[in-house]
Amino acid sequence: MISYNINLRMNTDGKIYMPYSEALIGTYWPDAVQLVIAEEMGMKPEDVIVYYAANYPNWQKGDAADRGSTCTWAAKEAAIQLKKQILETGMVEILDYCSAHDFGKLIRPSSGLGQLEVALTMASGRALREEIIWDPGTGVLLNGNMYDYKVPTSLDQPPIDPVPVETRCGGGAYGSTGVAHAHCDAGLVGLAIQNAIGKFIPMAPYTPDKILAAMGTI
């Protein structure tokens, strides 16, 4: 019989770390479990760090003809447990935000790419914190000020990777076109949350109470 000792830890950098104490030479299982954990967590494989820890107890006890098959089940279960622990608070943090836009021709990069950053910041605010609250009995607006209506600041802005595309298919000079607030879409964050918890939340903002309710924990 085979038993597995798997320890997964999510660090403050948003990456998952898994220690091991066996040789990598001629083995496939470290890559296999890395891919499985990344798939289960909805992350990139490079965000799952398998590192050597000399004093860590043997990752696998016993022997198996095909570690790449048997150990992946254990890795999958460990990832499920980690995801459950992470999601118990219902809190959401955007770790990375990438958006591409066809400018036709990007005439002034600082303005065009800055417009993408502005729109994505607005989207993150609408997705996670901005909500108009009315008193159900009187119809009075309860948070009509900048203290109670939580707009994102520069400290709340997620890492943004704006990607310009130039097809020269616009109606402006050199085939240029505009961007405006086309990328201000809170629903994109909602789809990422759905991918993480397996449940669709129909209305932004995606606050902890809505996420925990969707998960059935409250």
Side-chain angles (χ1 to χ4, degrees), residues 1-99 120 124 127-129 155-161 187-201 205-218:
M1 300 299 292
I2 304 169
S3 62
Y4 297 95
N5 181 33
I6 304 176
N7 182 289
L8 299 181
R9 171 176 55 88
M10 175 168 278
N11 207 353
T12 55
D13 59 3
K15 299 182 184 296
I16 293 177
Y17 291 81
M18 189 191 82
Y20 75 98
S21 58
E22 301 178 15
L24 275 174
I25 300 175
T27 62
Y28 166 71
W29 67 263
D31 291 338
V33 298
Q34 181 187 43
L35 294 171
V36 169
I37 293 169
E39 175 67 22
E40 194 62 36
M41 298 296 296
M43 302 173 68
K44 300 175 182 178
E46 56 265 31
D47 290 332
V48 179
I49 312 300
V50 181
Y51 67 97
Y52 180 72
N55 297 323
Y56 186 72
N58 287 336
W59 197 88
Q60 177 176 266
K61 297 184 183 298
D63 196 10
D66 186 357
R67 293 186 179 186
S69 295
T70 57
C71 65
T72 52
W73 280 109
K76 182 176 184 293
E77 292 302 317
I80 291 174
Q81 293 181 30
L82 175 62
K83 182 162 62 174
K84 182 179 179 181
Q85 293 175 15
I86 293 172
L87 296 174
E88 283 180 350
T89 64
M91 295 294 292
V92 176
E93 179 183 0
I94 301 175
L95 299 178
D96 188 25
Y97 217 145
C98 180
S99 183
L120 294 179
S124 69
L128 301 181
R129 52 175 54 87
L155 296 177
D156 303 308
Q157 187 181 41
I160 293 175
D161 182 19
L188 298 177
V189 177
L191 293 176
I193 295 172
Q194 180 184 1
N195 182 62
I197 68 175
K199 299 290 184 179
F200 176 70
I201 302 175
Y206 308 107
T207 49
D209 58 317
K210 294 179 182 178
I211 294 173
L212 293 175
M215 295 171 60
T217 58
I218 61 172

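Because the structure is a prediction, the values reported are computed rather than measured. For reference, positions follow the sequence shown, starting with 1.
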For [X] and [Y], which heavy atoms make the closest approach, and how far apart are they?
X: Met41; Y: Met10; value: CE-CE, 4.5 Å
X: Pro205; Y: Arg129; value: CB-N, 3.9 Å
X: Asn195; Y: Gly42; value: ND2-CA, 4.0 Å
X: Asn7; Y: Pro19; value: O-CD, 3.1 Å
X: Ala75; Y: Ile6; value: N-CD1, 3.5 Å

Residue pair [X] / [Y], side-chain heavy-atom distance below 4.5 Å:
X: Ile193; Y: Lys210; result: no
X: Ile37; Y: Val50; result: no
X: Val189; Y: Tyr97; result: yes
X: Leu191; Y: Gln194; result: yes

Rounded at 0.5 Å granularity, tell me how far [atom1] in [X] sits from [atom2] in [Y].
X: Leu95; Y: Glu93; atom1: CG; atom2: CD; value: 5.0 Å
X: Asp47; Y: Asn11; atom1: CG; atom2: CG; value: 12.0 Å
X: Met18; Y: Ile49; atom1: CE; atom2: CD1; value: 11.0 Å
X: Tyr206; Y: Leu128; atom1: OH; atom2: CG; value: 9.5 Å

Which residues satisfy the side chain to side chain donor-acceptor pair (under 3.5 Å) test with Asp156, sequence neighbours excluded?
Thr153

Ignoring hydrogens and angles, tell me if any N or O in the side chain of [X] forms a donor-acceptor pair with the backbone of [Y] under 3.5 Å.
X: Gln34; Y: Pro45; result: yes
X: Lys83; Y: Glu40; result: yes
X: Tyr56; Y: Asn5; result: yes

Would you say the rings of Tyr52 and Tyr20 are close, in the sense that their centroids are separated by under 6.0 Å?
yes

Qualifying residue for side-chain contact (heavy atoms from CB on, under 4.5 Å) with Cys98, from Leu120, Ile160, Asp161
Asp161

Walk me through it: do Asp96 and Lys44 pass the test side-chain contact (heavy atoms from CB on, under 4.5 Å)?
CA-CA 11 Å; Asp96 188 25; Lys44 300 175 182 178; 4.1 Å; yes

Glu39 atom CD, over 12 foreign heavy atoms within 6.0 Å:
no

